[in-house]
Participant: 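Please read through the structure below; I'll follow up with questions.
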There are 2 protein chains.
Amino acid sequence: MQQQKLATIEDVAAMAGVSIATVSRAMNEPTKVADATRKRVADAVARTGYTTNAMARSLRMRRSNMILILAPDVGDPNFSNILVGLETEASKRGYGVLIGNTQNDPSRETDYLRFISSNQADGLILFTGHLPYGVGQDAAKLPAMVAVNEPVPGSDVPFVGVDNFEGARVATEHLISQGHRRIAFVGRANNREINSRREQGYLAALAGAGLTADPRLIIDGDGTTESGRAATELMFVRDALPTAFFCVNDATALGVIISLSARNYELPRQFSIMGFDDISFASFVAPSLTTMKQPRHRIGEAAMDLLLALLAGETPKSREVLLRAELILRNSVARVNPGR
Amino acid sequence: MQQQKLATIEDVAAMAGVSIATVSRAMNEPTKVADATRKRVADAVARTGYTTNAMARSLRMRRSNMILILAPDVGDPNFSNILVGLETEASKRGYGVLIGNTQNDPSRETDYLRFISSNQADGLILFTGHLPYGVGQDAAKLPAMVAVNEPVPGSDVPFVGVDNFEGARVATEHLISQGHRRIAFVGRANNREINSRREQGYLAALAGAGLTADPRLIIDGDGTTESGRAATELMFVRDALPTAFFCVNDATALGVIISLSARNYELPRQFSIMGFDDISFASFVAPSLTTMKQPRHRIGEAAMDLLLALLAGETPKSREVLLRAELILRNSVARVNPGR
DNA sequence: AGAGTCGATGTAAAGGTTTTCATGGTTCAT
DNA sequence: ATGAACCATGAAAACCTTTACATCGACTCT
């Protein structure tokens with residue numbers, strides 16, 4: 001169980017009868033070394049089982065080949081699927097992935113900065129939607145960064161994510177194509193980028209179809225299931241009902257479904273519900289949820305790809321990489337009930 | 001954006017008018033340094049914004065304060081919640097958490113060993129249920145390890161997880177307490193520890209109640225939703241039906257529910273279904289799923305705690321740390337239908 | 001007063017790489 | 001034959017800590 005003494009580059013050099021510099025070159029810049037010696041070195045490496053000590057290399061190169069991922073909630077299913085993409089791409093390129101679960105706790109965010117200030121991570125993926133606390137004004141101290149899932153407002157951090165505007169428009173247009181004219185938007189929140197972009201897409205679709213938005217059908221919500229439920233109840237209180245609900249995300253849609261089911265409405269005959277995200281339970285709810293699927297795996301890959309390009313000194317083509325969401329047809333949307 | 005030259009321990013030493021050894025001591029063993037100088041050092045640290053270079057420290061100390069987590073599927077919700085616990089505990093103790101997503105691909109598993117062979121990780125958390133490929137016979141080369149979620153058969157790797165036997169017994173006893181006598185077990189798989197332990201618990205509960213197990217009600221399954229569906233269909237073909245299904249996990253239970261619903265049975269009036277795990281959608285299915293909840297957060301914490309104890313040289317009290325699952329009563333289990 | 005302790009600090013080695021610069025030999029053009 | 005150009009290699013510095021050992025002064029005890 002104990003770490004037995006590992007072979008070092010010197011052991012290899014001695015066995016191959018060359019200097020350590022040559023061993024290093026043989027491994028990292030094979031062209032710069034004669035064929036014969038390269039082979040001798042390779043043999044020695046195999047015999048000793050040598051692997052280069054990452055710490056020593058990082059120390060010397062001032063680079064750790066590690067990426068720190070800062071996320072408010074690692075347990076969030078939306079996160080974990082993107083993580084797979086991030087991890088896959090990083091691993092393919094020889095990078096490791098470090099997880100920081102911040103729970104939106106400022107002190108934890110600050111704490112995680114130690115990884116970058118101590119050279120333990122070269123780059124940063126931000127799921128948090130804001131720069132880490134504790135950097136404040138001197139954001140210059142931060143390394144290369146890419147925001148995922150949620151853009152960082154008021155900064156020039158590049159963003160990779162789903163095209164929320166376009167996706168919301170497609171979703172709303174689908175409802176319109178099913179004959180719906182009174183379509184609610186559940187989950188307005190001006191202070192959240194995602195929510196407001198989706199709202200914009202919704203409004204654009206209405207406008208494109210020559211429909212005017214009814215302000216009573218646009219309800220605030222923070223994206224939780226509970227907010228979806230509350231929004232629905234509010235509509236009944238106001239007695240301003242739509243024929244279809246476009247919800248800012250699937251969690252909200254679930255709240256709407258729960259609320260309507262509790263009132264014994266038959267879905268989707270009496271009301272259509274459209275979500276956004278396609279989280280795992282979307283296909284298990286009754287009725288199963290028609291929604292916009294985020295290409296999470298590809299988002300992760302694209303984000304990591306961009307970050308590594310940044311680290312390599314490239315300048316990004318654009319500040320945003322937007323991937324299209326895909327319309328997933330299930331059973332929560334139907335043609336509008338002609339009786340209504 | 002560029003890494004401006006960071007302050008080193010020498011800068012601090014110069015500013016405080018002491019040697020670098022004293023700075024190091026002042027930070028790591030404060031008692032060994034005089035109050036006055038400790039204060040001067042602290043001031044200098046604050047003024048320079050010094051943070052110790054983790055690479056240099058790791059190189060010198062032969063310890064990285066990093067834990068590698070090897071998981072077959074990072075996207076698995078069962079995993080991600082345990083991850084939160086692992087991460088929380090690690091972070092609290094000054095450790096970082098490195099993610100390795102193996103997809104059960106042997107080459108990826110082998111690849112990740114580079115982190116430990118190059119000293120980039122001190123310990124290993126195994127979600128995979130087996131030792132990493134590529135170590136083979138010389139398992140001695142591996143660092144401290146703890147298995148989570150699934151034990152590693154035929155090895156002495158300590159395991160932290162839910163008490164599958166006990167949980168399954170409690171679950172089955174609950175069904176018995178509701179008057180059920182013909183109880184199926186869906187998801188038998190002898191080659192998987194988890195499945196067979198849960199089956200044992202099921203059998204123990206039956207035996208404890210003086211019931212004999214009907215082999216026709218014990219159906220193979222690999223824990224997927226599809227396997228639950230197939231198992232149910234098989235029972236109808238055999239025409240050997242239970243009044244209640246105890247499923248090896250929630251995913252399987254979902255398959256059973258889908259299958260029964262498709263046959264227009266009314267649940268739970270005609271059949272009761274009990275799951276295991278309490279994954280996120282369990283409360284959203286119709287009927288919402290009665291199940292055994294895994295204390296995932298605590299499992300993660302306990303596993304990390306054990307691993308860090310191992311790293312500190314302690315010998316574990318026992319090879320297994322088993323946490324109790326909690327019975328979550330929802331709507332998929334009812335008293336047995338007297339009509340049947 | 002001298003020997004022995006003790007506490008605070010400094011010196012220097014060690015940890016394992018990568019990379020600059022130097023060296024020595026070979027080839028090629030003159 | 002001579003210098004230039006080139007190639008393969010080696011020596012040594014640099015990356016930044018931690019820590020064993022040495023030193024030095026002050027204090028205690030006899």
Side-chain angles (χ1 to χ4, degrees), chain A residues 3-42 44-45 48-66 94 114-120 122, chain B residues 3-42 44-45 48-66 94 114-120 122:
Chain A
Q3 293 274 22
Q4 51 185 350
K5 184 91 170 177
L6 293 163
T8 81
I9 199 173
E10 274 190 88
D11 301 332
V12 176
M15 182 175 292
V18 296
S19 76
I20 61 169
T22 301
V23 174
S24 176
R25 276 188 288 255
M27 302 193 71
N28 303 319
E29 307 159 295
T31 62
K32 292 203 174 178
V33 83
D35 285 5
T37 47
R38 172 151 25 99
K39 185 147 178 9
R40 284 215 313 285
V41 170
V45 167
T48 55
Y50 169 73
T51 51
T52 93
N53 179 313
M55 295 312 165
R57 154 181 274 159
S58 298
L59 173 59
R60 173 62 222 239
M61 300 187 74
R62 290 196 176 89
R63 202 157 51 85
S64 60
N65 278 24
M66 288 281 170
R114 76 175 195 274
F115 283 111
I116 67 148
S117 64
S118 72
N119 274 338
Q120 244 171 138
D122 303 337
Chain B
Q3 293 274 23
Q4 50 185 352
K5 184 91 171 176
L6 293 163
T8 81
I9 198 172
E10 271 189 273
D11 302 332
V12 176
M15 181 174 292
V18 296
S19 76
I20 61 169
T22 301
V23 174
S24 177
R25 276 187 289 254
M27 301 193 70
N28 303 319
E29 306 160 294
T31 62
K32 292 203 175 178
V33 84
D35 285 5
T37 48
R38 172 152 26 96
K39 186 147 177 9
R40 285 214 313 286
V41 169
V45 166
T48 55
Y50 169 74
T51 52
T52 93
N53 180 313
M55 295 313 164
R57 154 182 273 158
S58 298
L59 173 59
R60 174 62 222 239
M61 300 186 73
R62 289 196 174 89
R63 204 157 48 87
S64 60
N65 278 26
M66 289 281 171
R114 76 175 195 275
F115 283 111
I116 66 148
S117 64
S118 72
N119 274 339
Q120 245 171 135
D122 301 338

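In what follows, every chain begins at residue 1, and chains take the letters A, B, ... in the order their sequences are listed. Computation of the quantities below employed the complete heavy-atom set of this structure, encompassing side-chain atoms and omitting hydrogens, waters and symmetry-equivalent molecules. Please read all numbers here as calculations on a predicted model, not as lab measurements.
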Participant: C:dG10 phosphate, OP1 or OP2: any side-chain N/O from B:Thr22 under 4.0 angstrom?
Facilitator: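 The answer is yes; a side-chain N or O of B:Thr22 sits under 4.0 Å from OP1 or OP2.
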
Participant: Rounded to the nearest angstrom, tell me the gap between atom CG in A:Leu59 and atom C1' in D:dT18.
Facilitator: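 Taking CG of A:Leu59 and C1' of D:dT18, I get 13 Å after rounding.
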
Participant: Taking CD from A:Glu29 and C1' from D:dC7, how many angstroms apart are they, rounded to a whole number?
Facilitator: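 Nearest whole value for this atom pair: 14 Å.
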
Participant: Look at the side chain of B:Arg25 and the base of C:dG10, then say whether one donor and one acceptor between them are separated by less than 3.5 Å.
Facilitator: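 Side chain to base: pair found, below 3.5 Å.
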
Participant: Would one find a side-chain N or O of B:Ser24 under 4.0 angstrom from OP1 or OP2 of D:dT18?
Facilitator: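 Affirmative; the distance criterion is met.
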
Participant: Starting from the 5' end of DNA chain C, give me the residue, A:Met55 or B:Lys32, whose nearest nucleotide shows up first.
Facilitator: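 Result of the comparison: B:Lys32.
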
Participant: What nucleotide among C:dT19, D:dT17, C:dT17 has an atom nearest to a side-chain atom of A:Asn53?
Facilitator: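 Of the candidates, C:dT17 comes closest.
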
Participant: Report yes if at least one side-chain N or O of A:Asn28 is closer than 4.0 Å to OP1 or OP2 of C:dT18; otherwise report no.
Facilitator: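 For C:dT18, OP1 or OP2 has a side-chain N or O of A:Asn28 closer than 4.0 Å.
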
Participant: Stem ranges for DNA chain D, with three or more consecutive Watson-Crick or G-U pairs under 3.5 Å?
Facilitator: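 Runs of three or more consecutive pairs: C:1-30 with D:1-30.
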
Participant: Just verifying a value: how many Å separate A:Met27 CE and A:Thr22 OG1, rounded to the nearest 0.5 Å?
Facilitator: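 Reported value, rounded in 0.5 Å steps: 13.0 Å.
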
Participant: From CD of A:Gln120 over to C1' of D:dT17, roughly how many Å is that when rounded to an integer?
Facilitator: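 The answer, rounded to whole Å, is 13 Å.
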
Participant: Rounded at 0.5 Å granularity, tell me how far OG in B:Ser64 sits from CZ in B:Arg57.
Facilitator: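 Between atom OG of B:Ser64 and atom CZ of B:Arg57 there are 12.0 Å.
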
Participant: With A:Tyr50, which residues qualify under ring-ring contact (aromatic ring centres under 6.0 Å, His included), at least two apart?
Facilitator: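 For A:Tyr50, no residue satisfies ring-ring contact (aromatic ring centres under 6.0 Å, His included) once neighbours in sequence are set aside.
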
Participant: Measure from CE on A:Met27 to P on C:dT18 and round the result to the nearest Å.
Facilitator: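 After rounding, the gap between these two atoms is 8 Å.
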
Participant: Between B:Thr51 and A:Ser117 (side chain of the first, backbone of the second, donor and acceptor by atom type, cut-off under 3.5 Å), is there such a pair?
Facilitator: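 Between the backbone of A:Ser117 and the side chain of B:Thr51 there is a qualifying donor-acceptor contact (under 3.5 Å).
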
Participant: Does A:Thr37 put a side-chain nitrogen or oxygen below 4.0 Å from OP1 or OP2 of D:dT9?
Facilitator: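 Yes, such a contact exists.
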
Participant: Rounding to a whole Å, what distance do you find between B:Asp11:CG and D:dT17:C1'?
Facilitator: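 Value for this atom pair: 13 Å.
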
Participant: Taking for each residue the nucleotide of DNA chain C with the nearest heavy atom, is it B:Ala34 or A:Ile20 whose nucleotide lies nearer the 5' end?
Facilitator: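 Residue closer to the 5' terminus by nearest nucleotide: B:Ala34.
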
Participant: CD of B:Glu10 versus P of D:dA14: gap in Å, rounded?
Facilitator: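 Those two atoms, CD and P, are 11 Å apart.
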
Participant: Which pairs with one or both residues in residues 10-21 of chain B pass salt bridge (charged side-chain N to carboxylate O under 4.0 Å, His left out), sequence neighbours excluded?
Facilitator: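 Those involving residues 10-21 of chain B do not exist here.
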
Participant: Main chain of B:Asn53, side chain of A:Ser118: is a donor-acceptor contact present, judged purely on distance under 3.5 Å?
Facilitator: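 Checked: no pair found.
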
Participant: Give a yes/no on whether any side-chain N or O of A:Arg60 is located under 4.0 angstrom from OP1 or OP2 of D:dA14.
Facilitator: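 No.
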
Participant: Supply the atom-to-atom distance A:Gln120 CD to A:Met55 CE, rounded to the nearest 0.5 angstrom.
Facilitator: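 Separation between the atoms: 7.0 Å.
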
Participant: Please give, in whole Å, the distance from C:dT9 C1' to B:Lys39 NZ?
Facilitator: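 B:Lys39 atom NZ is separated from C:dT9 atom C1' by 20 Å.
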
Participant: Would you kindly give the CD1-to-C1' distance between A:Ile9 and D:dT9, to the nearest whole Å?
Facilitator: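 To the nearest whole Å, that distance equals 14 Å.
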
